[in-house]
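Here is the structure we will look at, set down as structure tokens.
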Protein chains: 2
Amino acid sequence: MSTMQDVANKAGVSKATVSRVLSGKGYVSQETKDQVFKAIEEAGYRPNLLARNLATSKSMCIGLVVTNTLYNGNYFSELISQAAKKLDANGRQLILVDGKHSAEEEREAIQFLHDLRCDGIIIYPRFLSVDEMDDIIDKYNKPVMVVNRKLRKHQSHCIYCDHKGSGLQSTRALIERGHRNIAFITGSMDSPTAIERLSGYKEALSAAGLPVNDALIIPGKWTPASGAAAVEALLAGGQTFSAILASNDDMAIGAMKKLNEAGIAVPADVSVIGFDNIPTAPFLIPALSSVKDPVSDMVSEVISQIISMLDGGYLSDQNKFVSELILRESVTSGPYLKPR
Amino acid sequence: MSTMQDVANKAGVSKATVSRVLSGKGYVSQETKDQVFKAIEEAGYRPNLLARNLATSKSMCIGLVVTNTLYNGNYFSELISQAAKKLDANGRQLILVDGKHSAEEEREAIQFLHDLRCDGIIIYPRFLSVDEMDDIIDKYNKPVMVVNRKLRKHQSHCIYCDHKGSGLQSTRALIERGHRNIAFITGSMDSPTAIERLSGYKEALSAAGLPVNDALIIPGKWTPASGAAAVEALLAGGQTFSAILASNDDMAIGAMKKLNEAGIAVPADVSVIGFDNIPTAPFLIPALSSVKDPVSDMVSEVISQIISMLDGGYLSDQNKFVSELILRESVTSGPYLKPR
DNA sequence: TTGTAGGCGTTATCAT
DNA sequence: ATGATAACGCCTACAA
């Protein structure tokens with residue numbers, strides 16, 4: 001690997017001059033510029049980014065910590081592609097690090113990014129508490145932004161979506177359309193998102209003066225299989241319900257399948273709403289309504305803010321995103337269903 | 001940020017000693033070790049990986065170039081999560097770089113990884129020609145592996161899946177089950193994968209003495225919408241067909257939807273096979289057969305080989321993967337269908 | 001406009 | 001067992 005010194009020798013100038021030519025800063029005569037470029041060409045010279053970053057203590061890289069359990073399908077790919085695209089448009093690179101399966105490992109991932117001297121860090125947390133993240137933001141001297149969580153202290157360093165509100169909104173939509181017995185399939189309950197969606201559901205019921213029936217709340221694990229199992233449990237329990245609110249589309253899909261197998265029509269007999277609005281779902285199940293989780297918007301905003309911080313700008317406080325309920329035929333009122 | 005020198009001062013030793021303690025190489029008395037650790041703790045010291053990498057010219061990072069058009073759903077997320085997991089198990093990090101929309105940009109992505117002094121590079125190419133990749137492998141002095149393409153020169157630096165073979169295999173399966181008029185929905189024809197799958201289809205027909213009917217070959221673009229459009233074109237053209245082979249599952253899903261809308265039953269009237277075997281598809285369409293693309297296996301193998309090279313090992317030549325045809329009810333022979 | 005020299009934070013090779 | 005000291009390759013005042 002040829003270095004800057006090699007180029008300098010070949011061009012008959014000093015390292016500093018080569019550096020100037022490359023960075024475009026400082027004055028350099030056109031003549032020497034040409035010589036230098038020629039030498040660069042001849043030497044097949046390529047700058048060593050490690051050395052440059054060390055010297056400047058900048059890396060033009062933004063780290064993203066995502067925890068493994070999220071590495072799933074459309075949601076994840078949209079998150080990543082959005083981040084990569086947006087950063088790239090700013091001449092920066094994305095470094096993706098896996099937060100794996102625990103708070104400790106999420107901490108390590110952040111530490112790694114820190115040790116790598118990333119210009120900024122985006123955390124899409126799974127196990128880390130908001131308080132700890134507030135601490136991390138305090139300690140770290142470069143921009144850190146948290147996605148999908150509302151922080152207590154550093155309110156402008158996070159961006160989130162009102163999951164409780166969307167649980168409330170979608171439940172309310174079902175109620176308004178005449179549903180009284182609405183089953184709810186939860187996500188993994190170690191996830192704040194799952195908890196918030198459930199609480200929105202409960203609150204909407206209470207607000208409408210409807211009872212919260214625990215037998216209609218079935219634990220799921222975000223997967224299609226767990227959605228199917230939930231419906232199976234519902235049917236086995238002989239529950240009466242005319243609608244199902246599943247905490248994500250994958251589970252809604254699993255639920256749909258079980259309903260079909262049981263000869264229960266959607267939406268004629270029962271209505272289903274999911275969350276996330278994955279693109280292929282409505283293609284297959286026109287009847288599936290969904291609450292669109294605004295991942296791309298959130299990621300996009302987070303990156304804008306990091307870049308703004310790096311450029312010495314201020315952070316906005318507009319950090320709460322709302323998700324949009326996309327109603328399809330599904331929510332038309334079905335008959336109260338007592339499965340056979 | 002405190003440096004090694006700070007720690008050394010605090011502990012009353014030299015930088016070199018601190019370095020020894022940290023790396024575990026060389027002798028250092030237990031006593032000084034303790035002092036150093038204490039000093040590290042007090043100073044909140046964290047090693048600067050940039051400096052370390054510069055000094056060692058190693059980065060413990062492996063770069064992965066994936067082109068944007070692949071940033072899609074399950075296939076992509078499986079690719080990434082597999083890579084991240086496997087590398088992590090070897091104490092290394094994944095750096096994901098976007099190859100964007102052209103050969104030039106793919107080149108730049110590789111260059112970037114090179115300049116970053118990654119220990120190795122994995123290329124999942126889209127626009128780069130195999131010849132150019134052979135050149136790149138020649139020039140680069142660290143491990144480079146290419147996924148999903150068969151190279152001419154560096155046969156052991158690539159790993160690929162026999163897409164033609166799987167097109168052949170799935171077409172043959174349909175023929176064996178009595179289908180004579182098999183429609184084919186292509187992928188984007190600028191993709192070698194799409195071309196190979198199509199050629200497998202044609203070859204299987206010819207081998208069985210069946211005519212290749214161009215009117216049954218409809219161009220698609222990998223998306224569900226294009227799959228739906230393809231079926232629409234098929235129906236509009238009044239074509240007779242009892243089976244559809246779609247070049248991926250997303251298009252198969254779109255095709256299924258159109259068939260349903262047209263009142264054509266799957267598999268009773270027509271059989272459908274897709275490619276990739278995305279996990280939610282069979283959940284939605286039990287009748288959808290699919291050819292499983294062995295992404296995870298390929299990525300896993302590629303990483304093993306890179307790690308082996310880094311450790312001075314040899315490369316295996318077992319670099320051809322076969323995909324598995326997963327038959328569901330779909331391929332039972334349907335009646336020759338002349339759409340109304 | 002160009003060159004010199006010191007620094008970025010490590011590692012690694014010598015001595016001691 | 002420990003300490004100087006020279007790399008690693010680049011940037012950046014400061015001088016010339």
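Chain letters run A, B, ... following the sequence lines, proteins first, then strands; residues in each count from 1. The structure presented is a predicted model; accordingly, all values stated were derived computationally and were not measured.
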Integer-rounded Å distance: D:dC8 C1' and B:N48 CG:
13 Å
Length of the line joining A:D6:CG and D:dC8:P, which is rounded to integer Å:
11 Å
Testing D:dT2, D:dG9, C:dT2 for proximity to the side chain of B:V28, the answer is D:dT2
Look at the side chain of B:R117 and the base of D:dG9, then say whether one donor and one acceptor between them are separated by less than 3.5 Å.
no
Counting side-chain heavy atoms from CB outward, which of C:dT2, D:dT12, D:dA4 is closest to B:S14?
D:dA4
Do the side chains of A:K153 and A:D135 get close enough for a salt bridge, i.e. N-O under 4.0 angstrom?
no
Heavy-atom donor-acceptor pair, A:K15 side-chain to C:dT4 base, under 3.5 Å
no
What's the CG-C1' distance between A:L116 and C:dT10, to the nearest Å?
14 Å
Tell me, please, which residues at least two apart from B:D297 pass salt bridge (Lys or Arg N to Asp or Glu O under 4.0 Å).
none
B:N53 CG to D:dG9 P, in whole Å, measures 13 Å
What is the distance, rounded to the nearest whole Å, between atom CZ of A:R52 and atom P of C:dT10?
21 Å
Given D:dC10, C:dT1, C:dT10, identify the nucleotide with an atom nearest to the side chain of A:Y27.
C:dT1
Among D:dA4, D:dC14, C:dT10, which is the nearest nucleotide to the side chain of B:A16?
D:dA4
Answer with base, sugar-phosphate or nothing: what part of the nucleic acid does B:T32 contact at a heavy-atom distance below 4.0 Å?
sugar-phosphate
Closest-nucleotide ordering on DNA chain C, the 5'-leading residue of A:G26 and A:T56:
A:G26
When rounded to whole Å, the NZ to P distance for the pair B:K58 and D:dA7 reads 20 Å
Check this for me: does any side-chain nitrogen of one of B:R107 and B:E104 sit under 4.0 Å from a carboxylate oxygen of the other?
yes
Given the structure, check if the side chain of B:R46 and the base of C:dG9 hold any donor-acceptor pair shorter than 3.5 Å.
no
B:L54 has an atom CG; how far is it from atom C1' of D:dA6, in whole Å?
14 Å
Work out which heavy atom in A:M133 is nearest to a heavy atom in A:I123; give both atom names and the distance.
SD-CG2, 4.2 Å
Atom-pair distance (CE on A:M4; P on C:dA5), nearest Å:
17 Å
Contact nearer the 5' end of DNA chain D, comparing B:K33 with A:L49:
B:K33
